[in-house]
Amino acid sequence: MGSRMKVLVDQLYTRAAKEAVPGLCCAPTYDPKYLEIIPAEVIERDYGCGDPTEYVRAGDTVLDLGSGSGKLAFIIAQIVGSEGRVIGIDANASMIELSRNAGPIVSLRIGCRNIEFKRAAIEDMDLDLELVDRHLRANRVGTVEQSIQFERYKRSLRLEHPPIQNGSIDVALSNCVLNLVDGTDRPRVFAAIFRKLRPGGRLVISDIVCDTTVPVDIAVDGQLDAECISGAFTVPELTALFGNAGFVATKIFKVGETWREINGAAFRSMTFVGFKPLESSAQAEEVPVIYRGPWKCVEDDRGNLFVRGRRQKMSRDEVALFLSGPYGTDLLGDIAAHDTDPLRGEEAAACCPSPSLSKGCC
């Protein structure tokens, strides 16, 4: 996103924090029970496109990327409860003010203070923008030397006072925000999110996806950019961003109807999830597992091949991660705990006769 388009987006969302602006995104549906305690001005100034809360659990520490009015953060606060924590970050000062004003009201109504909002850009979430503003109010930056000192100050802030500590987050969520990040910055943003997550953590993204590469005339339209159209992802682009950052078991788990169609390009909301792998140890205990199916064989993001019906070993921690999320009931864990082996291996022989096969599906 060029500087002119960034200014336009910031101006539009500043207005959207003060009054409802229709058409900024396709309004999702949330469970009404979570909306009852949220102030009306927060709900009417929410501009998401999906509900990425499915992978949030009680007690989680959750990072809401581009938290806007705070609506999603306030929903999550009710899910994680008193043992959990919700951190919303947004670069727009007016949106931060709106969400912070509503925060004490929501905390009182849910009976715990587990929500906070911090001002930071998704593209540079290690930089606390409120500390930068405070510095600029107290220090003039008008010469080359002063500019150099300012850059040094920002580097020190990133190292010593990042708004979000690395490895501190269970779930990072984004609701129709990452499309506003310039394409060249996206790999760096995904890498930063990966660092913020704990091993085993989840990244869940609801965003606008285009069925083709966004046409050039749409991609350079500032108004359409603010409306989450110009920067729409394609499915291959988004899944590649997950994989290149190190996430595993990425999948699409929600697909919306076509929201808008412009010049033959269709735009819709889709929700993706990816998992940060657990840290493995050479001494980690291994347990036998069997892939149930339905496919003859599948390969995960680390190159492990799972053949239907074939017994193989994985670390106990890795099995626990996969059973709790990515593969659901497809993987039968800890076969040794069963009295009888429900699958014998005949199917494996039919699929891949070579037991040494370790790469590529049959």
In short, side chain to side chain donor-acceptor pair (under 3.5 Å) pairs touching residues 134-149 with sequence neighbours left out are H135-N139, T143-Q146, E145-Q149
Under 3.5 Å donor-acceptor, [X] side chain and [Y] backbone:
| X | Y | answer |
| --- | --- | --- |
| S99 | S69 | no |
| N114 | S82 | no |
| D211 | F267 | no |
| R268 | V209 | no |
| Q312 | L305 | yes |
| K254 | D51 | yes |
| K71 | V42 | no |

For V144, the other hydrophobic cluster members (4.5 Å side-chain criterion, sorted by chain and number) are I148
Apart from Y153 itself, its cluster of hydrophobic side chains linked below 4.5 Å comprises L127, L129, L131, V132, L136, V141, F150, L157
Taking everything shown except R113 itself, do over 12 heavy atoms lie less than 6.0 Å from its CZ?
-> no
More than 12 heavy atoms from other groups under 6.0 Å of CD on E151: yes
Tested for side chain to side chain contact (heavy atoms under 4.5 Å, CB included) against L173, the lone hit among V86, V56, V273, L65 is V56
Pair K118 + E130, salt bridge at N-O below 4.0 Å: no
* To do: Output yes when D124 and K154 qualify as a salt bridge under the 4.0 Å nitrogen-oxygen rule, no when they do not.
  => no
With sequence neighbours left out, the residues meeting salt bridge (charged side-chain N to carboxylate O under 4.0 Å, His left out) with R109 are none
Q) Any link between I43 and I105 through a network of hydrophobic side chains (Ile, Leu, Val, Met, Phe, Trp, Tyr) touching at under 4.5 Å? A) no
Can you give the donor-acceptor pairs under 3.5 Å from side chains of residues 195-207 to other protein atoms, not counting sequence neighbours?
| unit_1 | atom_1 | unit_2 | atom_2 | d |
| --- | --- | --- | --- | --- |
| K196 | NZ | D126 | OD1 | 2.5 |
| K196 | NZ | I164 | O | 2.7 |
| K196 | NZ | N166 | OD1 | 2.9 |
| R198 | NH1 | S168 | O | 3.4 |
| R198 | NH1 | D170 | OD1 | 3.0 |
| R198 | NH1 | D170 | OD2 | 3.0 |
| R198 | NH2 | S168 | O | 3.2 |
| R202 | NE | Y55 | O | 3.4 |
| R202 | NH2 | Y55 | O | 2.8 |
| R202 | NH2 | D60 | OD2 | 2.9 |
| S206 | OG | T271 | OG1 | 2.8 |
| D207 | OD1 | N179 | ND2 | 2.6 |
| D207 | OD2 | L178 | N | 3.3 |
| D207 | OD2 | N179 | N | 3.2 |

For Y34, the ring pair (Phe, Tyr, Trp, His ring centres under 6.0 Å) test, sequence neighbours excluded, returns none
